[in-house]
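From a predicted model like this one, the values you see are computed outputs, not experimental measurements. Throughout, a chain's letter reflects where its sequence line sits, starting with A, and its residues are numbered from 1.
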Protein chains: 2
Amino acid sequence: MERSDAGGTRASIADVARGAGVSTASVSRSLRGLGGVSEGTRARVVQVARELGYAISPGASSLRSGRTRSIAVVTPFIDRWFFGRALGAFESVLQQADLHVLLHSLHGSAEARRRLFAERILHRRVDAVLIMCLKLEQHEIDALRALDVPVALLGSHAVDFSSVAIDDFSAAREAVDHLTGLGHRRIGLIGGSPVDPLHFTAPVERRAGYRDALKSAGIARDRELEADADYTVAGGERAMARLLDLPQRPTAVFVESDEMAFGALRFLRDARVRVPDDLSVVGIDDHEMSHLVNLTTVAQPVAEQGAAAAHALLAALADRSRPPSRVMHPTRLVVRGTTAAPRGT
Amino acid sequence: MERSDAGGTRASIADVARGAGVSTASVSRSLRGLGGVSEGTRARVVQVARELGYAISPGASSLRSGRTRSIAVVTPFIDRWFFGRALGAFESVLQQADLHVLLHSLHGSAEARRRLFAERILHRRVDAVLIMCLKLEQHEIDALRALDVPVALLGSHAVDFSSVAIDDFSAAREAVDHLTGLGHRRIGLIGGSPVDPLHFTAPVERRAGYRDALKSAGIARDRELEADADYTVAGGERAMARLLDLPQRPTAVFVESDEMAFGALRFLRDARVRVPDDLSVVGIDDHEMSHLVNLTTVAQPVAEQGAAAAHALLAALADRSRPPSRVMHPTRLVVRGTTAAPRGT
DNA sequence: CTGAAAGCGCTTACAG
DNA sequence: CTGAAAGCGCTTACAG
């Protein structure tokens, strides 16, 4: 029968060694499943450890071994769909590998980002690091390398590190090609600001994909049709308002994320603009709410990216000499009810 | 100018002591801002530490001091609105206090929950623990107490620990009172299963509030009108389908969460049931998407609860003799467009 | 104000 | 297969 009394809580490896009549070295080897211990010894040690309610001291273990069994994840936000979902899958894989996840959110703050790298907050505290969706500056790459642990990126790339992402450029092209294929010529963009202090990767790539799609369709670019937002529902709402204020309204809008698209749809409904009759809308993500509002979008596999990032780190931990890997996950256009041919065609 | 070379990365407290011509004790005191050091010494130490790129070894520090500067948060899910938002606010407060957050998700698994407590996964690894939304069993409370660190609960209560929550019973009453006030008599429930293996607190309390509101309005309870779901959009959809299949349909439905309500609304739209003309719907949460679908709901302050939980833990850390606190956050009915008087009134 | 020294609890060569 | 011992890098009484 398992019990854990107050005394048991404080049992150290020396207590277990004493109880089993062996050295602390043998206890360490037995409990970690290492070779070089007889089965009899191991069984006795395991038994005594359980009786005493022994639990290793992570601090002592990591001081000696240099391994912390923790992995940091640096994320711009926690409370947004993409990040929550990627994080969940990431954490799940690592938990199964008996690793802990240190959560470090930037909360959208460039200052928090600066502090993270300048103050060596992760130093010696983790065995590996995942960076979500940030376009890294060279000095940040240097700071990460100085940590001397495997680093992986989710949603961006850097030559030095393993990365997992979708092809944001192609995803945007897919969305806008769908619109031009339907016959639209005047196509707006609601996207992240290119001057966002946090420097996300997606806005830059997706905007480039949008422009490229227009070019391929022989449509001249009109800077007025590009509205900046901040990847939130409210931001999408405001950006849509600006687009509708234009002397020459677009007949379709490509929105860089589903959450912004929700905001755009909301504004259109209130403004009595019919979708897709008067205006088509296409997003990126396939957010879990998208089917509710019947949004046409380019789906990306989010949980899969989180899990892949975890596996990349696990592989790097198992073999430190392994070269960085780069995984691109596929996207897929999901046509629903918010897109149609422009009126009068 | 700040630099961090490879050598700097490995500097230890002894290196700093040597560089500054003082003992390691003085370095420790200087860097932690403790008293008993002259300003001249402190300045010199700080300067040398910066030059060498010194960063403390968390393992060594915690081995000696017993403090890890980490706080664990145990959450049933990461990728749901409520949890992401509460978690974000929680982490933000702790980060500002120079504390780290260890994220441990149960991923909805009762087995993961069992393992967490049985295998002493948090033992000596954290200075405090936050438990989200779980109704704790006695043996779990015992296991948490054996950790010998402050524990706080968010979304549930236990006599031994500090807690932060809303009054789920009242929130449900508020929602259902609104419905009965409008004249509804046949009111359905879409709620969490009372036999969910994870034992959440909210479903039990909210269902009780629903029943109490009916009773106060003199309406007999009809078990058929209570549909079990799992707090997901898809679950809300399925539950709504079952309610519509009833020989005698409800004229209104109280849904225990906005996310389930979204699913319910989706089903109603596809089934061509008009809301609120044919059927009223009210939720709980005030999810960020709720205003998009015009959902009437009972708002709860989620980020505030996360921040309050962090502050409760901070206070306990500062004064271990402080008795457990219990904070109840207010809820507020937000009437939008999914509720109205029943037809023919 | 300062330093010498003990010791936190492990892991890891090393020797047998 | 096993153990004695060193040492990881700090913090903390203690003494001066």
Handout entry: Cationic tip of B/Arg80 above B/Phe77 ring, under 6.0 Å, 45° of axis
Key = yes
Fill in the blank from the handout: Here DNA chain D, pairs taken as Watson-Crick or G-U under 3.5 Å and shown with ( ), [ ] when crossing and | when to another strand, reads |||.||||||||.|||
Practice task
Test B/Ser28 against B/Arg32 for side-chain hydrogen bond (donor to acceptor under 3.5 Å, both in side chains), laying out the working first.
Solution key: CA-CA 6 Å; B/Ser28 180; B/Arg32 287 185 300 146; 3.3 Å; yes
Exercise for the section: Establish, from distance only, whether the side-chain atoms of B/His107 and A/Glu91 form a donor-acceptor pair under 3.5 Å. Expected result: yes
Fill in the blank from the handout: Per nearest nucleotide of DNA chain C, the residue lying toward the 5' end, B/Gly36 or B/Leu63, is B/Gly36
Practice task
For DNA chain C, find the residues of residues 38-47 of chain A with a heavy-atom distance under 4.0 Å and give them by number; none if there aren't any.
Solution key: none
Problem - Nucleotide range of DNA chain C lying under 4.0 Å from chain A heavy atoms - result: C/dG9 to C/dA13
Practice task
Given side-chain hydrogen bond (donor to acceptor under 3.5 Å, both in side chains), test B/Arg125 with A/His100 step by step and report yes or no.
Solution key: CA-CA 10 Å; B/Arg125 195 173 277 279; A/His100 299 260; 3.1 Å; yes
Handout entry: Among B/Leu103, B/Leu106, B/Leu154, the one residue meeting side-chain contact (heavy atoms from CB on, under 4.5 Å) with B/Thr75
Key = B/Leu103
Problem - Heavy-atom side-chain contact between A/Leu94 and A/Leu314 under 4.5 Å - result: yes
Handout entry: side-chain contact (heavy atoms from CB on, under 4.5 Å), paired with B/Leu153, selected from B/Val164, B/Val74, B/Leu130, B/Leu136
Key = B/Leu136
Problem - Derivation of the side chain to side chain contact (heavy atoms under 4.5 Å, CB included) call for B/Ser105 and B/Phe83 - result: CA-CA 10 Å; B/Ser105 174; B/Phe83 297 101; over 6 Å; no
Problem - Along DNA chain D (nearest heavy atom to each residue), the more 5'-positioned of B/Ser57 and B/Arg32 - result: B/Ser57
Problem - Atom CZ of A/Arg322 with >12 non-hydrogen neighbours under 6.0 angstrom - result: no
Exercise for the section: Anything under 30° is parallel, anything over 60° is perpendicular, the rest tilted; go ahead and classify B/Phe117 against B/His139. Expected result: perpendicular
